[in-house]
Colleague: 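Following this message is one structure expressed as structure tokens.
We count residues from 1, following the sequence as given.
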Amino acid sequence: MQALIAWPSRAETWTAPQLGFELDYSCNLSTRRSRRKKMWGLSFPVCYGTTAGVLLLSSSKSGQIGGEAFSSSPKFGFRCGSLSGYSKLRLAGNCELKKGSYGSSFVLAWALEEQAIGNDIILEESRTQHELLGKCENKDVGELVVEGIRAGGDNDDNEVDATSRGGNWEQKNENVDVRALALSLQFAKTADDVEEVLKDKGNLPLQVFSSMIRGFGRDKLMDSAFAVVEWLKRRNEETDGIITPNLFIFNSLLGAVKQSKQFGDMDKVLADMTQEGVEPNVVTYNTIMAIYVEQGLSTMALDVLEEIQKKGLIPSSVTYSTALVAYQRMQDGIGALEFFVEFREKYRNGDICKVAEEDWESEFLKLESFTKRVCYQVMRRWLVRDDNLSTNVLKLLVKMDNAGVQLGRAEHERLLWACTREEHYNVAKELYSRIRERHSEISISVCNHVIWVMGKAKKWWAALEIYEDMLDKGPKPNNMSYELVVSHFNVLLTAARKKGIWRWGVRLLNKMEEKGLKPRSKEWNAVLVACSKAAETSAAVQIFKRMVEQGQKPTILSYGALLSALEKGKLYDEARQVWEHMIKLGVKPNLYAYTIMASVFSGQGKFNLVETIVQEMVTAGIEPTVVTYNAIISGCARNDSSSVDAYDWFYRMKAHNIPPNNVTYEMMIEALAKEGKPRLAYELYLRAQNQGIRLSSKAYDIVVQSSVVSGATFDLKLLGARPPSHKKENVQDRKSST
């Protein structure tokens with residue numbers, strides 16, 4: 001449906017205190033093949049008629065004229081706009097005016113915000129429409145006919161019937177094809193080019209030029225737009241002021257500057273208005289504000305708002321919404337909130353309703369909703385920035401609560417999704433608590449995300465609290481919830497395993513079972529290793545039994561941890577039984593398991609079985625390492641075996657090109673000292689020093705003490721100074737060697 005609205009000329013006495021296109025209407029036409037589309041931009045949602053239809057527009061003598069609308073063309077960028085304003089409308093067919101769900105004050109703001117946020121803006125079809133009070137009234141005054149176009153494009157007419165009863169138009173009963181006229185002017189650069197096309201057209205209505213100017217702006221044909229205005233200036237002299245560029249023409253030109261993004265032409269338009277004696281109205285200032293906002297000059301846009309008030313003009317709803325967008329561009333959510341609170345006070349005191357002629361009851365609700373949107377956008381931007389602005393987010397949330405401007409569940413959940421870093425955990429927890437307290441439902445995916453954020457921030461118990469809420473209050477945890485919580489337990493159990501905190505590991509297992517989380521082999525093994533490191537043999541046996549009872553099949557890691565615990569508890573026979581049971585079940589030993597059994601047999605003094613284990617290792621393709629030989633030598637030292645056995649394995653490892661490390665030398669020194677061979681221990685200590693191997697203070701003390709006890713006479717000064725006692729370093733050395 002193509003539509004035009006008659007603009008008044010200077011010769012007429014019509015008034016327009018506010019920009020007409022700031023009101024939003026849509027038409028429902030009774031046609032067989034009609035469809036409705038919603039467009040976002042400076043024009044508003046209207047009906048696109050797919051069959052030929054006729055729209056009749058009439059105005060009273062003192063009526064206030066609304067904004068223009070544009071025709072749709074595949075070749076030229078005119079779009080079908082809205083029919084808006086304060087004039088009475090007569091519609092052919094059952095035409096009903098409705099006010100859009102987002103209304104007049106937000107079309108400009110949403111258009112700006114869409115560019116500011118990018119993909120963050122989700123354009124949605126509104127399910128509800130607020131109907132405008134009253135319906136179309138029929139008036140037989142000044143009718144203007146605009147004909148539609150068929151969907152298939154078989155009707156190219158976009159015509160205006162100049163049958164006005166009160167106009168000064170020369171041509172009567174003839175139609176103006178606006179689209180064809182615009183196409184013929186799209187390459188015009190000067191007023192002479194326009195004159196060449198329009199010289200035989202007579203005095204056309206000004207709304208034709210207004211529509212074409214805005215269309216040129218959409219297609220970035222600003223040369224053509226300025227050429228049309230210059231031609232109108234020329235016609236002003238020729239027609240003695242009957243055809244002249246008035247306020248609406250200049251507002252259309254200023255809007256075209258904004259849409260074409262040729263912002264440098266704004267000063268030129270304003271200068272032309274001053275030269276022609278045209279005073280700007282609030283619509284002019286609204287467009288200037290929008291241009292500043294798009295240029296990133298939000299502070300200057302807010303200065304324009306102050307200028308509007310100083311000049312005594314009445315700010316419209318578009319003015320306030322554009323100011324909110326300026327705060328949004330500056331990422332000043334607190335400023336936007338304070339701006340709305342100030343506006344709300346004026347509204348409640350009646351200061352706005354008394355002076356303005358808009359439906360402020362509806363506009364107030366829309367501005368409040370838009371303020372929430374702006375605050376949400378700012379907080380989301382804060383969360384995705386590299387620097388940590390979590391405190392700002394929490395502060396703005398509190399201020400919104402104090403102001404009574406609270407976000408809904410959807411906004412809270414979207415902000416939660418923006419929490420992705422460790423430092424966001426406090427914001428995520430606050431948002432989660434708000435959703436739980438203020439809303440009856442919460443998305444399971446949101447709960448899972450909060451659990452993930454808590455885990456990333458190492459707040460594992462907080463993550464477990466979320467999981468407990470899901471069990472108690474809903475929604476029921478899914479597989480993702482289970483995996484996330486179990487992964488957090490794994491982190492804790494891994495820490496317990498590394499530090500040997502076996503009691504903590506057992507409590508974690510109990511907690512998992514208490515919350516319905518079934519520990520898997522990984523979790524059981526972590527606790528088994530913790531028990532093994534702490535030499536808690538009985539605890540390791542109990543955990544192993546519980547693991548089997550819960551239906552978990554022990555792995556080689558499980559058996560290795562149990563064997564290690566038994567070996568440290570000197571339960572050699574039990575260790576051998578576990579080994580034989582493991583082999584019977586077909587579990588293949590690894591290097592760790594072979595090493596433990598070599599240590600077990602060495603501790604028992606059964607070196608023939610040690611030989612057997614080493615041969616089985618080689619047969620299985622597992623070569624003994626320095627750790628294996630250290631375990632055997634250590635077994636000799638613990639079992640008070642002959643130092644000959646320890647020396648035998650010491651030279652074997654050298655024969656296999658396995659260099660001894662500090663643990664090897666310390667175990668050998670301990671074995672030699674126990675057997676009363678202090679000189680050999682002394683010589684071995686010196687050999688390690690010569691090889692650059694740093695031994696512990698314990699080895700130094702053993703050498704000195706054994707020499708004193710035996711009364712040996714050798715120079716202890718060659719041993720050097722006693723190494724410092726660094727327990728952590730010694731533990732780390734042993735860990736690295738094993």
Colleague: When you check the gap from the basic side-chain N to the acidic O, do Lys372 and Glu411 get nearer than 4.0 Å?
Modeller: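 Salt bridge absent between Lys372 and Glu411.
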Colleague: Heavy atoms only: give me the nearest Leu313-Asn281 pair and the separation to one decimal.
Modeller: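 Taking every non-hydrogen atom into account, CD1-C, 4.0 Å.
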Colleague: What I'd like to find out is whether the side chain of Leu232 reaches to under 4.5 Å of the side chain of Thr244, using heavy atoms alone.
Modeller: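 SC-SC contact between Leu232 and Thr244 ruled out.
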Colleague: Looking at Asp303 and Lys310, is any side-chain nitrogen of the basic one under 4.0 Å from a carboxylate oxygen of the acidic one?
Modeller: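 The answer is no: the pair does not qualify as a salt bridge.
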Colleague: Under a 4.5 Å cut-off applied to non-hydrogen side-chain atoms, are Val325 and Met289 in contact?
Modeller: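 Contact flag for Val325/Met289 side chains = no.
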Colleague: Which heavy atom of Glu361 sits nearest a heavy atom of Tyr347, and at what distance?
Modeller: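 In this case the closest contact between Glu361 and Tyr347 is CA-OH, 3.5 Å.
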Colleague: Is there side-chain contact between Leu367 and Ser321, with at least one heavy-atom pair below 4.5 Å?
Modeller: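 Yes. Closest side-chain heavy atoms under 4.5 Å.
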Colleague: Kindly indicate whether the side chain of Ile334, heavy atoms from C-beta on, has any atom under 4.5 Å from the side chain of Val378.
Modeller: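 No, every pair of side-chain atoms sits at 4.5 Å or beyond.
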Colleague: Between CG of Leu206 and OG of Ser211, what distance do you get to the nearest 0.5 Å?
Modeller: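 Between Leu206 CG and Ser211 OG, I get 10.5 Å after rounding to 0.5 Å.
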Colleague: Can you tell if the side chain of Leu253 reaches within under 4.5 Å of the side chain of Met222, non-hydrogen atoms only?
Modeller: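 Yes; the side chains approach each other to less than 4.5 Å.
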Colleague: Roughly how far apart are Arg373 CZ and Leu407 CG, rounded to 0.5 Å?
Modeller: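 Here the interatomic distance stands at 10.5 Å.
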Colleague: When you look at Glu413 and Arg409, which way does the salt bridge (charged side-chain N to carboxylate O under 4.0 Å, His left out) test go after all the steps?
Modeller: CA-CA 6 Å; Glu413 290 189 348; Arg409 172 191 165 189; 2.9 Å; yes
Colleague: Under a 3.5 Å distance rule, please check whether Gln186 uses its side chain to pair with a backbone N or O of Leu183 as donor and acceptor.
Modeller: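 Confirmed, Gln186 side chain pairs with Leu183 backbone.
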Colleague: Determine whether Asp223 and Phe187 make a side-chain contact, defined as any pair of heavy atoms from C-beta on separated by less than 4.5 Å.
Modeller: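 No; the side chains remain at least 4.5 Å from each other.
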Colleague: side-chain contact (heavy atoms from CB on, under 4.5 Å) for Asp272 and Glu230? Distances and angles first, verdict last.
Modeller: CA-CA 10 Å; Asp272 285 349; Glu230 290 298 323; 4.2 Å; yes
Colleague: Closest approach of Val282 and Ile314, non-hydrogen atoms and distance?
Modeller: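 Distance-wise, the nearest heavy atoms are CG2-O, 3.3 Å.
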Colleague: Could you give me the CA-CA distance, side-chain angles and deciding distance for Cys375 and Leu337, then say whether side-chain contact (heavy atoms from CB on, under 4.5 Å) is met?
Modeller: CA-CA 7 Å; Cys375 291; Leu337 181 64; 4.2 Å; yes
Colleague: Determine, stepwise, if the pair Leu365 / Glu368 fulfils side-chain contact (heavy atoms from CB on, under 4.5 Å).
Modeller: CA-CA 5 Å; Leu365 297 176; Glu368 182 179 37; 4.3 Å; yes
Colleague: Search all heavy atoms of Ser210 against all heavy atoms of Ile249 and return the closest pair with its distance.
Modeller: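 Nearest heavy atoms, Ser210 then Ile249: N-CD1, 3.8 Å.
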Colleague: Taking NZ, NE, NH1 and NH2 as the nitrogens, is one of them in Lys199 or Glu196 under 4.0 Å from a carboxylate oxygen of the other?
Modeller: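 Yes, this pair counts.
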Colleague: Do you know the tightest heavy-atom contact between Ala290 and Thr322?
Modeller: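 Looking at all heavy atoms of both residues, the shortest contact is N-CG2, 4.0 Å.
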Colleague: As an exercise, state the distance from NZ of Lys366 to OG of Ser317, rounded to the nearest 0.5 Å.
Modeller: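 Spacing of NZ (Lys366) from OG (Ser317) equals 8.0 Å.
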Colleague: Can a donor-acceptor pair be found, under 3.5 Å and without considering hydrogens, that links the side chain of Arg380 to the backbone of Ala418?
Modeller: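 Not at all, since once roles are kept as given, no pair shorter than 3.5 Å links the two residues.
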Colleague: Quick one, Leu247 with Met273, criterion side-chain contact (heavy atoms from CB on, under 4.5 Å). Give me CA distance, side-chain angles, the key distance, then yes/no.
Modeller: CA-CA 8 Å; Leu247 174 62; Met273 291 180 67; 4.0 Å; yes
Colleague: Nearest 0.5 Å, what's the OH-CD distance between Tyr320 and Glu363?
Modeller: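 Going from the OH atom of Tyr320 to the CD atom of Glu363 covers 11.5 Å.
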Colleague: Check whether any side-chain heavy atom of Arg214 sits under 4.5 Å from a side-chain heavy atom of Phe209, and report yes or no.
Modeller: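 No, their side chains stay 4.5 Å or more apart.
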Colleague: For the ring pair Phe340 and Phe364, is the centre-to-centre distance below 6.0 Å?
Modeller: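 So the answer is yes for these two rings.
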Colleague: Rounded to the nearest 0.5 Å, how far apart are CZ of Arg344 and CG of Asn349?
Modeller: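 Arg344 CZ to Asn349 CG: 11.5 Å, rounded to 0.5 Å.
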Colleague: Kindly give the heavy-atom pair with the smallest separation between Met330 and Ser298, and that separation in Å.
Modeller: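 Of all heavy-atom pairs spanning Met330 and Ser298, the closest is CG-CB, 3.3 Å.
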Colleague: Which distance, rounded to the nearest 0.5 Å, do you find between the OG1 of Thr284 and the CG of Asn251?
Modeller: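 Taking OG1 in Thr284 and CG in Asn251, the distance rounds to 3.5 Å.
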Colleague: Could you check if a side-chain atom of Glu307 sits within less than 4.5 angstrom of a side-chain atom of Tyr285, using non-hydrogen atoms only?
Modeller: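 Yes - at least one pair of side-chain heavy atoms lies under 4.5 Å apart.
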Colleague: Is the number of heavy atoms from other residues, nucleotides or ligands within 6.0 Å of CZ (Phe263) greater than 12?
Modeller: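 Count over threshold, so yes.
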Colleague: Report yes or no: is the cationic atom of Lys268 (NZ for Lys, CZ for Arg) closer than 6.0 Å to the six-membered ring centre of Phe226, at no more than 45° off its axis?
Modeller: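 Cation-pi check for Lys268 and Phe226: passes.
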